[in-house]
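Remarks on the structure that follows.
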There are 2 protein chains.
Amino acid sequence: MSDAFVESDAEGDFQEDITDSPVVAETGEADFLDEEEGEHDNLLQDLQEANALQRGNVESNAVDARKVQQPETIDSFKTRLAGPSTHKAGLDKVDKRKVEEVIYEISQGSAFFENERRRDKATSDRIAALMERYEKIKNNDLTPHHVVVDAMLERLDRSRDLSQYICHIDMDAFYASVEELDRPDLKTKPMAVGGMGMLTTANYEARKYGVRSAMPGYIAVKLCPQLIIVPNNFEKYIAISKKVREVFAIYDPNFQSMSLDEAYLNITEYVEQHEMTPASVVSEIRQRIFEQTKLTASAGIAANKMLAKICSDVNKPNGQFQLPNDRAAIMEYVRGLSVRKFPGIGRVTERVMESLNVKKCEDIYTHRGILYQLMTEVHFVFLIRIYLGIGSNEVADDYESHRKSVGVERTFSNISDRASLYAKLDDISKKLSEHLRAKELKGKTLTLKFKKSNFEVYTRAKTLPKYTNAAAEIFEHGQRLLDAELPVTLRLMGLRMTTLRSTHANEGLMRFFSIAPNASPNTSPVQPAQSTQPPQSVSFPTTTAPLPGSPPQDYTCPICSVTFHSKDNHQFNAHIDLCLNRTEVKSLVADERKRKPIDSPAPPPQRSITSFFK
Amino acid sequence: MSDAFVESDAEGDFQEDITDSPVVAETGEADFLDEEEGEHDNLLQDLQEANALQRGNVESNAVDARKVQQPETIDSFKTRLAGPSTHKAGLDKVDKRKVEEVIYEISQGSAFFENERRRDKATSDRIAALMERYEKIKNNDLTPHHVVVDAMLERLDRSRDLSQYICHIDMDAFYASVEELDRPDLKTKPMAVGGMGMLTTANYEARKYGVRSAMPGYIAVKLCPQLIIVPNNFEKYIAISKKVREVFAIYDPNFQSMSLDEAYLNITEYVEQHEMTPASVVSEIRQRIFEQTKLTASAGIAANKMLAKICSDVNKPNGQFQLPNDRAAIMEYVRGLSVRKFPGIGRVTERVMESLNVKKCEDIYTHRGILYQLMTEVHFVFLIRIYLGIGSNEVADDYESHRKSVGVERTFSNISDRASLYAKLDDISKKLSEHLRAKELKGKTLTLKFKKSNFEVYTRAKTLPKYTNAAAEIFEHGQRLLDAELPVTLRLMGLRMTTLRSTHANEGLMRFFSIAPNASPNTSPVQPAQSTQPPQSVSFPTTTAPLPGSPPQDYTCPICSVTFHSKDNHQFNAHIDLCLNRTEVKSLVADERKRKPIDSPAPPPQRSITSFFK
DNA sequence: GATCACACA
DNA sequence: TACTTGTGTGATC
DNA sequence: ATTCACAAC
DNA sequence: TACTGTTGTGAAT
Ligand SMILES: Nc1ncnc2c1ncn2[C@H]1C[C@H](O)[C@@H](COP(=O)(O)OP(=O)(O)OP(=O)(O)O)O1
Ligand SMILES: Nc1ncnc2c1ncn2[C@H]1C[C@H](O)[C@@H](COP(=O)(O)OP(=O)(O)OP(=O)(O)O)O1
Ligand SMILES: [Mg+2]
Ligand SMILES: [Mg+2]
Ligand SMILES: [Mg+2]
Ligand SMILES: [Mg+2]
């Protein structure tokens, strides 16, 4: 053939080869308590006192269901419709109401609009269910729960590690700034990157109008008619990103990239060796980035990644902010922050928490008794770690080696025709196969994703008989998954491979035949031999089952010694599971069970917690 | 990474895997006289008489330079600016002037506009140069030239083959019609396929407004504000194209695809075996296509591919037209057609010919004496074949086996930054490598193509030390070519590989060492051991050199016996070359030089002649 | 093991 | 005309 | 062997 | 915001 043609218009190519920079998005730290023991002077009492001072009698300040309950309002829907990224830097001064109104008017009646309404209703329902549960427990005595929670707080606080200077660096309006390099005239004009269909970012001029990431371009031009839209050019961003990373490497060869435009650095060693302050080191980093790329970056410095990330946003753009490695300062600073600021808490969770009157971090402490009863242990711990300002300070660039999935998905104008759907699937199969082969990976689980014309999303997965990365096989299995759904009208189709294994990996008997398999480039063993902790899945007695013997009234966690009431059976089990969680196990049990730190070091947790309330 | 993102907006994916349908565009038949001898009754006299009757004394009707000369006018520029596809079906009734005016106003001052102005100036200059040459010869005696030309006409006419029924089938508004399958509501509305940047086609409703292929979408919406634009979906078109081809195969298993939406069929055999008329067979084909795809096609039936193609446009859309296999009918029909109708004669050649007062095919005969002196032999023959309505009737689907190049090119927003240019090049190298490997090809010549921000196009080629399809090697050589041009600001970059060879081909000494090298999945030795033929370049006496012996006054072509004057040295050489042309050689010399028709049959010519005047 | 909703760049 | 793409995570069944 | 302009879908 | 992508051909150097 050769009818080959690309719709030149809006966007430009797809970003096919991502290998370069891990997406790994946020650093929410799903693990808790993974720091090496810090000092532990302050106790729970401090916490209680501090809060009592500031807010009167906390215990009696129980949530009022009437005030709390958030009905499914037009307002909540309009806010949702406005998109997920409304709290980014540069958007503080815009009139959110007006923006929401414009978006609402434009979107009226579209399939997207209706789907968003459906999803908004779903979270409203979820809130309603939560309120019902709240009604049932609101008169419970909170004291026993506070005892448990306060014990957790104490444990966590003791584990606090303030010894490291962690820095988070994030480029300002990254894609947009890169484009401005080639078109300097745009620097003073409102400009966004992407296409009329979707923007990936906007410069700060445009943000004044409410234009931002993940906003459709055609809505953006309604908000800002002078807006100039520049198409994506991923190769550019990858190229510039490389330059930035070269600077990072000077200050911390183990820097951890979180995306093309941001990374964590542990500058503790650099600070000591050069006898500089953390702030001056970071200032130097930003200066050097600017020299190499003519681009500005913002940075945050703090005792852990979570706080550093929050700090990098404080003086954005082209600024930096340090939160002292001091417990009181941290507690004081965090207290007043909106929970939404914390990575892992998005717009849905924010709304749910708001329904419990939890908006700022201090509210977490205030309502800890209620939250403890309504939330999953994991998520509750996640919250109190936020409240305490505790997070991971492990900085390690080990993304590719722990990659868990590879996928390809495409949106297109509606397709119903069977042959055309197959053709799309074939195309996507080939692309996925290419990516897998480029990364020298095979996979054993194939997931078909599809979005119907009404924007409803589904996934269908199948474990394959054997590991593969062959396009034909991928297509064949994908086709079976798709066939079960026909007929359908789709607007998106995707395939994702999970349960990955390196092509070089020795498999079964094959391992005896494999000869020197092309050592992967980054095998430099940077970290000292401190990796003596046991790997993840230690064979612990499965504590989710009730303890042997006759059912006692109270249960005590064999790991952290917390006591539970007999009625809290489910919660107790959840807690045990949590205590057996990798990081928890690591910090609390490691010393007892000396397990060989052999081959594969435990993969670091990569993202935040989601799905907050049971 | 994972910042992966596609500009969703306008277009959709690139059509990466073209393997499915050859592009091969037009069927202009650069070879002349490749038919097997037809009957030959009518002679040159017929031609002369017929023309003399219709137009008085032809010889004295010499071109008048004053009337002829076409100055570089605003008008010619506006016409050029309107684009290349203004003569397609459905566009006859539009007010071309108005459309041109709108386009002119919108494009004002853009880089594209200025580049088009430059190119228009170039053809104006070319015409001016041609006029100068015309001035020098306009008083020559035409008689001797007419003698030569008339001899050629006679030879050609004798070779005419009217024994075959060739049919050209072309889907109506193909991409647009496919999209209408999924969105039937669009059938009655003006609609185009592509994006705001570029359209690939438009339905017939939209064509009423002047909207057509290769028109930027944003201009189209100016011409037709209600226009609905649907993005390209190449997989769809490929899938539907397959269905259409299944129908073709029923009527001629050797059908020759020219693109996703058109093909030639030789239905002679089918007609005989089923005792049907060609028209009824074609009607049945179209009916069956409709049943299988719900799409309409148009068709032309004639004695050769050139005429069949022209005929398929006559009753488009959803119609067919047969030109009888009758010399007189053909001559009569062709006579009145604009030369622009013929594939191979585009807008530039049309304008150049117009400057010589050649607009309709009959004008070719009228001015044959002048044209013969001003044009290259090849092109002159091309023209008189058109005049005679003679073309190839060989229908053979052998595209992939004779593919001559594979390439990838991309347009993007301007890039100046060196690192970003390299990143783009790397991306394109990878894509080219993928395509080559998918087709199991390697290449030895790499051509870098680039378009500067002002739309000027350049190519830079290099013959590689060895055949390759490796991305790294491609990038490396491409980089060298690019480096020589830096610094530049580009809007497009492309790489194309030529001098291709199958991956399976044994190469040099390596063949002795290749031990079942990791049997690539497709090492199935499909082809038998017929590879005993001598390679392409048989050592023929190079006939471009002057004949041995003392220079005679007159030269006679050793192949076709035409005589040339001594002054026509250059022209004579050109003629000899032409006569030794593969197809010419094949049909005229083959019997003397019994060459085994083994393995690789001479690749059929695939396109038309261009570059008409010396 | 499979599906969903959420989060983030 | 146009509401993404790639990846990870926990809950649930 | 290289570069350019033209053509077609 | 936005003027394509793939292939082939002949002429000229
Ligand atoms: N929703 C998204 N979809 C696709 N790409 C995105 C999305 N959000 C951001 N990106 C891309 C474009 C951004 O320039 C780049 C870095 O994101 P991010 O750091 O959050 O914003 P930013 O760098 O553009 O502005 P800033 O950091 O100054 O707020 O990632
Ligand atoms: N300039 C171009 N660039 C890219 N793709 C094109 C171009 N021209 C045509 N195409 C694609 C889209 C067309 O639907 C398809 C077939 O082309 P063609 O047969 O010439 O027109 P068409 O089928 O759209 O209308 P019709 O044949 O009814 O005049 O090839
Ligand atoms: Mg950023
Ligand atoms: Mg970022
Ligand atoms: Mg067509
Ligand atoms: Mg066609």
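Chain naming here is simple, since letters A, B, ... match the order of the sequence lines and numbering starts at 1 in each.
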(request) Looking at every strand, decide which applies to B:Ile219 at a 4.0 Å heavy-atom threshold: base, sugar-phosphate, or nothing. (result) base

(message) By the 4.0 Å heavy-atom rule, please label A:Val221 as base, sugar-phosphate, or nothing.
(response) nothing

(message) Regarding A:Lys451, tell me which of base, sugar-phosphate or nothing describes its non-hydrogen contacts under 4.0 Å with the strands shown.
(response) sugar-phosphate

(message) Among F:dT7, C:dA7, E:dA1, which nucleotide has an atom closest to any side-chain atom of A:Val348?
(response) C:dA7

(request) Give A:Ser107 one of three labels, base, sugar-phosphate or nothing, depending on what nucleic acid heavy atoms sit under 4.0 Å from its own. (result) base

(request) Please report, rounded to the nearest Å, how far the C1' atom of E:dA8 is from the CE atom of B:Met198. (result) 15 Å

(request) Please report, rounded to the nearest Å, how far the P atom of C:dA5 is from the CZ atom of A:Arg496. (result) 17 Å

(request) In whole angstrom, give the distance that lies between atom CZ of B:Arg347 and atom C1' of E:dA7. (result) 10 Å

(request) In whole angstrom, give the distance that lies between atom CZ of B:Arg460 and atom P of E:dA1. (result) 18 Å

(message) Quick check for you: among C:dA9, F:dG8, D:dC3, whose closest atom lies nearest to any side-chain atom of A:Ser259?
(response) C:dA9

(message) Does C:dA5 have its OP1 or OP2 closer than 4.0 Å to a side-chain nitrogen or oxygen of A:Arg80?
(response) no

(message) At less than 4.0 Å, is any side-chain N or O atom of A:Thr463 found next to OP1 or OP2 of C:dA2? Yes or no.
(response) yes

(message) By nearest atom, which of the nucleotides F:dA11, D:dG8, D:dA11 is closest to the A:Thr376 side chain?
(response) D:dA11

(request) Among F:dA2, C:dA9, E:dC4, find the nucleotide with the atom closest to the side chain of B:Tyr458. (result) E:dC4

(request) Can you sort out the partners of B:Val348 under side-chain contact (heavy atoms from CB on, under 4.5 Å), two or more places apart, ordered by chain and number? (result) B:Arg80, B:Thr123, B:Arg126, B:Val352

(request) Could you please name the option among F:dT1, E:dT2, D:dA11 that lies closest to any side-chain atom of B:Lys462? (result) E:dT2

(message) Any side-chain to backbone donor/acceptor pair from A:Thr376 onto A:His379? Under 3.5 Å, distance only.
(response) no

(message) From C-beta outward on A:Ala461, which listed nucleotide comes closest to its side chain: C:dT3, E:dC6, F:dA11?
(response) C:dT3

(message) If I take atom CE in residue A:Met215 and atom P in nucleotide C:dA9, what distance separates them, rounded to the nearest angstrom?
(response) 17 Å

(message) When you measure from the side-chain N and O atoms of B:Lys431 to the phosphate of F:dG5, is any distance below 4.0 Å, counting only OP1 and OP2?
(response) no

(message) It should be established whether A:Lys404 places a side-chain nitrogen or oxygen under 4.0 Å from OP1 or OP2 of nucleotide D:dT9.
(response) yes

(request) Could you label the plane-to-plane angle of the A:Tyr237 and A:Tyr175 rings as parallel, tilted or perpendicular, counting under 30° as parallel and over 60° as perpendicular? (result) parallel

(message) The side chain of B:Thr411 is closest to which nucleotide in this list: F:dG5, C:dC8, E:dT2?
(response) F:dG5

(message) The criterion is side chain to side chain donor-acceptor pair (under 3.5 Å); which residues satisfy it with A:Thr499, sequence neighbours excluded?
(response) A:Thr445

(request) Please state how far atom NZ in A:Lys222 lies from atom P in D:dA2, giving the value in whole angstrom units. (result) 15 Å

(message) side-chain contact (heavy atoms from CB on, under 4.5 Å), that's the test. Do B:Asp313 and B:Lys309 meet it? Break it down for me.
(response) CA-CA 7 Å; B:Asp313 226 47; B:Lys309 175 154 184 60; over 6 Å; no

(request) Describe the nucleic acid contact of A:Leu492 in one word from base, sugar-phosphate, nothing, applying a heavy-atom distance below 4.0 Å. (result) sugar-phosphate

(message) Whether B:His379 contacts F:dA11 is assessed here as follows: a side-chain N or O lying under 4.0 Å from the phosphate OP1 or OP2. Is that the case?
(response) yes

(request) Take atom OH of B:Tyr175 and atom P of F:dT6, then tell me their distance rounded to the nearest Å. (result) 12 Å

(request) Please state whether the phosphate of C:dA2, meaning OP1 or OP2, lies under 4.0 angstrom from any side-chain nitrogen or oxygen of A:Thr447. (result) no

(message) Distance check, rounded to the nearest 0.5 Å: A:Leu500 atom CG versus A:Lys404 atom NZ?
(response) 10.5 Å

(request) Output yes when at least one side-chain N/O atom of A:Ser85 is less than 4.0 Å from OP1 or OP2 of C:dA9, else no. (result) no

(request) Find the distance B:Asp125:CG to E:dC6:P and express it as a whole number of Å. (result) 12 Å

(request) Choose from E:dC9, F:dT6, C:dC4 the nucleotide whose nearest atom is closest to any side-chain atom of A:Thr459. (result) C:dC4

(request) Could you work out which one of D:dG6, E:dC6, D:dC3 sits closest to the side chain of A:Pro216? (result) D:dC3

(request) Report which part of the nucleic acid B:Arg212 touches: base, sugar-phosphate, or nothing (heavy-atom distance under 4.0 Å, all strands). (result) nothing

(request) Nearest-nucleotide wise, let me know which of B:Arg119 and B:Ala214 is further upstream toward the 5' end of DNA chain E. (result) B:Arg119

(request) Classify the ring geometry between A:Tyr458 and A:Phe450 as parallel (under 30°), tilted (30 to 60°) or perpendicular (over 60°). (result) parallel

(message) Students often get this wrong, so: under 4.0 angstrom with heavy atoms, is B:Phe113 touching a base, only sugar-phosphate, or nothing?
(response) nothing

(message) Quick test of your reading of the model: are A:Glu350 and A:Arg347 salt-bridged, counting only N-O distances below 4.0 Å?
(response) no

(request) Select base, sugar-phosphate, or nothing to describe what A:Lys88 touches, counting heavy atoms under 4.0 Å on all strands. (result) sugar-phosphate

(message) Looking at A:Thr349, I'd like to know whether one of its side-chain N or O atoms comes within less than 4.0 Å of OP1 or OP2 on C:dA7.
(response) yes

(request) Among the candidates D:dG8, D:dG6, D:dA2, find the nucleotide nearest to the side-chain atoms of B:Arg183. (result) D:dA2

(request) Name the residue closer to the 5' end of DNA chain F, choosing between A:Ile228 and B:Val406 according to the nucleotide with the nearest heavy atom. (result) A:Ile228

